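Notes follow the structure.
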Amino acid sequence: MREATLVPEMTLIESVRETLRMEMRRDPDIFMLGEDIGPRGGVFLASEGFVDEFGEGRIMNTPLAESSIIGIALGAAVNGMRPVAEIQFADFVWPAINQLVGEAARVRYGTNGGKFAPMTVRVPYGGGVRGGLYHSQSIEVLFAHTPGLQVIAPATPWDARGLLRSAIRSNDPTVFLEHKRTYRLVRGEAPDREYTEPIGKADVKRAGSDVTLVTYGLMLHYSLQAAEMVSQSDGIETEVVDLRTLRPIDGETILDSVSQTGRAMIVQEDTGAVSVSSEVAAIIASEGFFDLDAPVNRVTAPEIPPMPFSPLQEAEYMPSPEKIAASIRRLAEV
Amino acid sequence: MREATLVPEMTLIESVRETLRMEMRRDPDIFMLGEDIGPRGGVFLASEGFVDEFGEGRIMNTPLAESSIIGIALGAAVNGMRPVAEIQFADFVWPAINQLVGEAARVRYGTNGGKFAPMTVRVPYGGGVRGGLYHSQSIEVLFAHTPGLQVIAPATPWDARGLLRSAIRSNDPTVFLEHKRTYRLVRGEAPDREYTEPIGKADVKRAGSDVTLVTYGLMLHYSLQAAEMVSQSDGIETEVVDLRTLRPIDGETILDSVSQTGRAMIVQEDTGAVSVSSEVAAIIASEGFFDLDAPVNRVTAPEIPPMPFSPLQEAEYMPSPEKIAASIRRLAEV
Amino acid sequence: MSESPSDIAVEAELSLPSGLTRERLLGAYKTMCLSRVLDVRIWTLNRQGKAAIAASAQGHEAAQLGTVLATDPTRDRYLIYYRQLTAMLALGTTPTEMLMQFLARDGEILSAARQFPLHGAHPRVDLFSFSNVVGTQLPQAVGVALADKMKGRDAVTISFFGDGAASQGDCHEAMNFAGIHKVPVVFLCENNRYAISVPLEQQMPVDSIASRASSYGIPGIEVDGTDVVATYEAVKEAVDRARSGGGASLVELRVERLLPHTTDDDHTRYRSKEDIERIASMDPLPITEAMLKRQGILDQATDDEFKEWARREVDDATDEAEATPFPPVGDMYEKVLESDAGGNSRA
Amino acid sequence: MSESPSDIAVEAELSLPSGLTRERLLGAYKTMCLSRVLDVRIWTLNRQGKAAIAASAQGHEAAQLGTVLATDPTRDRYLIYYRQLTAMLALGTTPTEMLMQFLARDGEILSAARQFPLHGAHPRVDLFSFSNVVGTQLPQAVGVALADKMKGRDAVTISFFGDGAASQGDCHEAMNFAGIHKVPVVFLCENNRYAISVPLEQQMPVDSIASRASSYGIPGIEVDGTDVVATYEAVKEAVDRARSGGGASLVELRVERLLPHTTDDDHTRYRSKEDIERIASMDPLPITEAMLKRQGILDQATDDEFKEWARREVDDATDEAEATPFPPVGDMYEKVLESDAGGNSRA
Ligand SMILES: Cc1ncc(C[n+]2csc(CCOP(=O)(O)OP(=O)(O)O)c2C)c(N)n1
Ligand SMILES: Cc1ncc(C[n+]2csc(CCOP(=O)(O)OP(=O)(O)O)c2C)c(N)n1
Ligand SMILES: [Mg+2]
Ligand SMILES: [Mg+2]
């Protein structure tokens, strides 16, 4: 996938906007709906300028009513359209769960394939943005648990473009999680063409022989920093696996890496109990057990509601590169 | 906790009804609300006869609107009442998630203790009742993940009584999961007094030295059957740990057992990916690793929406005593 | 000028709303007869332990027939819930196809027996019901209709729902959006005054669901749903409005649920004896029969013939459905996603 | 009989609704002045990088003051959202307490700086806001009021919400339940015609939110929310009704949001220049000032004194809040559950 002709660096939010625009131009069946996505361009400006180019008919400002946003997207999806719905912040996806997890996820199965729902739900999530309890949440657990959904959480502009394109073109409902902190923090280049990245495939973002570190989203970047830190300070080489897709989880890539390193850890921003990190640990404990030389280690948020508005407490809540590095060191020493 | 004076055997649903009645008599601040809980007595008859004893003011039939059932319960709870809300079937809890996971779970934390929500949400869940996709769901994952909630899933009348009493008397929001298939299937005795069982403590329901089997709900009974089967056929002795509480999960009891047996498996009715079984496996893989002689094994539902209406397919979907026994044998042989 | 009974009949005949011929009415009555016999049979199969559960359409037949008559099955779309047995028959679903749903047999057309009866998607008519979760179909119907509007198609979407569903937040959100965007949808409420055991006065503080239409800037009308002609007329007006770009409407059909909520229910727990006796007079079958006879559309011989035909059809269908095996177990692992690669259905 | 200006003033004075004295009105205006200065200061602190985010109450001051005046803070309950800065001041919250919310300082009264400003629970008044999720407070308010009804207390619950929240399913469900059970709640909508950037006509197909009250069998009234007296009068009637067992009401206060949605927003992206210019004339501060002067309740000296006082108060509060440290980091692990035993807050 990595190739010679690259477009110049852009931020993650730019890569999302660019991909949405290109897909909208390509396929007239795609339309977007959500709160403030019209003239406002969305609160993160993912659709800035879109209403001028595509008109109000394809860029629909909705009432403040998330359940109907997803329910209407679902109805349109089973009737020939390819909606891309925006939930303004992940914290506000809860009113829509019934339509998303209860309904959309089961349409294909429950109709024995008679209907299907090619819809993408974009969900800006995550913390480190002074968002307090209701603008910081990681909401991936329920989606990652639900058969019938695909769940994507890219960490780089390259992956965001390739995977958002895959999501929009997929004929199944896909939850596309965009980490808010990465929007402007993370820059990167990408192929200069309409490429896709495969849903369901993890990506080794850094090779290493001592420790396997599995992560996704913002934590990929903190983990890569931590990996550099321990490489320089201790000569520990960490293999960093970026899940990219949270449903289905790519057990194969994880197990391949663990079979080389014998040591595994998971880093996630979300709280730990019954989470994506639990599943990765469980996969390793059941399918990679005989490769393991040490306990599987998890670095997660503490078991408190995410996350305090107070800046020092917010910083304490988030796994930091330093905390991750300390964990890598401890694991390498076992 | 096990004592001499016992009330006669009753079914699980009878034990729930009895406990509700006794608690309602004890504390006038308790009231119940939900769909059809009035003269109908609830669709499972958990409140049969209650409206005659306690009146419509304390046994409130609500409109068909789950979000408001929980939102109203929450409002009443923070204003001095102790509501017990019934969600008619777990499958219909999704519209209420916003009020339950988004709001109730964070009231104490988000007000720094200024308000708190002593509310119990009873949720009949689970399959094996020819319920098809929308009357069979296991919905524990999201709740078990959420800081600020307590999640209870009893499997016996003894535990149902003791834990329901603890839930109602607790000053924090508690999701009380009642497995529908156990309602009439499972009978048992209980102490003849107002006893409580502690929230957050697992219970070893069968002692054994060869394999640790962690489970909850209906699967406890299937697991106990399986344990007897392999004991008689192969002399394998399975220690069966009943989680009883899914949040917080009692890691200590699990790890104690694994330290004796060196072999661990989890049996759950829910699908496996990112689930309670994942967390139990993760706890063992990180904190019990050096005790383990074999990979952690999981017996769960397949990754399809739960569960087909067709009877043969429904049977195939559910872990059976036979399947569990086969898994125990395999694990014991590793 | 004095009127003889036959004068009245002729006058009534002449006043049939446009599109509703005597022949269509007679055909509708025939379907009602079929629906009733089938409905009774399903209840029996449940009592025999063969059908796990059933919700009956008894009491709702005229409402559903009047509605379907006012639509065009070749282009319209129907989002149903579990009580539209009669509507499904009116839309050409065979009794065998219906019974295979209740008996969960191989080849069941809506969901391959994965779902409860009346859930899934129809292979010939654009009729579907994704779930049993009350009210969810309302925003979905708005989305379906929105897609038609976007694509410039002249299809109309009928969204069936009950009085119970009217309390759900989804109902409010759906109607509000439909009102804003004038989507071609008809919200079709079969108000039988009960959500399982909860009577209307415990569900809402107002008498009429149709009156809420004003909150959404759409027309709302309340109709006697035991009157197939009145139902037809009201729904037809709403369908025509939607088809011609006039947007959404709310039609409330007042009916009685003659039986308990489902085969699992016992309505004597919450309905008085008098009430249960009273509602028998609201049975749309004798009401329609009498109306058609008064109008000279139906004679006794034809009536007998219809009922005999219905019994034969249902007998044959029962035999056929019962002779069909359950679906192969392995089928349950299919069609979770378009491509199940990547471990999505790994056990 | 010709009327001199002072005659008019006297007449207006005499027509003050019961309970609203000239002194209370003057006090309210003083609080409005304080609110405005504080509001401007908070915006400045945001621009200085000190306050992470703020939603302004500018334009809503008269609506909030009129509302609070009509209630009894010693027994009533207030479920607010993020825009009730003025109401909080009117209920006795100090400017320092308010600024500590925006600056997330140790000792912040509502949530110990865990939450956004205006979220948490008040230690002295029964005022709270659990979350930032729009509309969730409406069913909660109904539950709060239900508890009072059950306990026979004469408290009234005021549930503040915006026009945006009116589209949520929760709004429908809450009002429906309140209508059925006649709970003592006042649904208090501050309709500023925008949900962030979405104008009213894209939010709903009707002009008036109050008109929806009829769907719930409760009285609904639309009032000019820049008129503190009219607001008082309407809210007072609703509060009295609730307190005397008459149940719920819906009061819609029409206001303008004078600034962008929050400090993160830029409303020139979606509001026309003319519109932004026009709404300046809807500023309740000069409107109230003029009204009070016309009525002889306020003179220029008092007005100057109020504004000077407000500036001093806010200056002092700013110093005090800025001098306060952030909360101790370790505090964040507390109060997840009553007892955190059992591993619930284990990291
Ligand atoms: C969201 C949800 N809550 C509860 C149920 C359980 N339930 C099934 S049908 C029903 C009553 C529905 O009443 P109504 O909408 O009036 O339809 P009717 O059965 O009277 O035709 C209830 C409460 C459900 N299916 N979905
Ligand atoms: C459920 C939910 N969806 C979206 C948001 C993001 N959001 C915050 S305020 C707001 C607009 C609210 O408008 P309104 O209710 O009219 O209140 P106003 O800000 O105009 O006073 C939105 C969309 C939210 N907080 N909650
Ligand atoms: Mg009904
Ligand atoms: Mg507004």
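Just so it is clear, the structure is predicted and the values come from calculations on it, not from any experiment. So you know, we letter chains A, B, ... as the sequences are listed, proteins then strands, and number each from 1.
Looking at B:Q313 and C:Y333, their side chains never bring a donor and an acceptor atom within 3.5 Å of each other.
Using a 4.5 Å cut-off between heavy atoms, B:S68 makes no contact with chain C at all. With a threshold of 4.5 angstrom between heavy atoms, B:F89 does not approach chain C through any atom at all. Of the atoms belonging to C:E201, not a single heavy atom falls under 4.5 Å from chain B. When heavy atoms are compared at a cutoff of 4.5 Å, B:E66 approaches chain C by way of both its backbone and its side chain. Looking at B:V51, there are no atoms closer than 4.5 Å to chain C (heavy atoms on both sides), in backbone or side chain. Of the two parts of C:D163, neither the backbone nor the side chain holds a non-hydrogen atom closer than 4.5 Å to a non-hydrogen atom of chain B. Contact of C:F130 with chain B is made through the backbone alone, with heavy-atom distances under 4.5 Å.
Taking 4.5 Å as the limit, some side-chain heavy atom of B:L64 sits within range of a side-chain heavy atom of C:Q168. Two residues are said to be in side-chain contact when any heavy atoms from C-beta on lie closer than 4.5 Å; B:P305 and C:V336 meet this criterion. At a threshold of 4.5 Å between non-hydrogen side-chain atoms, the residues C:P117 and B:F309 count as touching. A heavy-atom distance below 4.5 Å is not found between the side chains of C:V133 and B:W94. A heavy-atom distance below 4.5 Å is found between the side chains of C:N132 and B:F92. Side-chain contact between C:M332 and B:M307 is absent, with no heavy atoms from C-beta onward closer than 4.5 Å. Two residues are said to be in side-chain contact when any heavy atoms from C-beta on lie closer than 4.5 Å; B:L45 and C:R269 meet this criterion.
Put simply, of B:G131, B:P95, B:G272, the one with the most heavy-atom pairs under 4.5 Å next to chain C is B:G131. Between chain C and the options B:P63, B:G132, B:G38, heavy-atom pairs under 4.5 Å are most frequent for B:P63. Counting heavy-atom pairs closer than 4.5 Å to chain B, the top-ranked of the candidates C:S131, C:G135, C:S111 is C:S131.
Within a 6.0 Å sphere centred on CG of C:D106, heavy atoms belonging to other residues, nucleotides or ligands number more than 12. Within 6.0 Å of CD in B:E56 there are 12 or fewer heavy atoms belonging to other residues, nucleotides or ligands.
The aromatic rings of C:F116 and B:H135 lie parallel to each other, their planes meeting at an angle below 30°, with 60° marking the opposite boundary.
Expressed to the nearest 0.5 Å, how far CD of B:E35 lies from CD of C:Q203 amounts to 9.5 Å.
Of all heavy-atom pairs spanning B:D36 and C:A195, the tightest one is OD1-O, 3.3 Å. Minimum interatomic distance between B:S310 and C:A104 (heavy atoms only, all atoms of both residues): CA-CB, 4.0 Å. Here the closest heavy-atom approach between residue C:I196 and residue B:Q88 is recorded as CD1-OE1, 3.5 Å.
We find that B:R40 and C:D265 are joined by a salt bridge, their nearest charged nitrogen and carboxylate oxygen being less than 4.0 Å apart.
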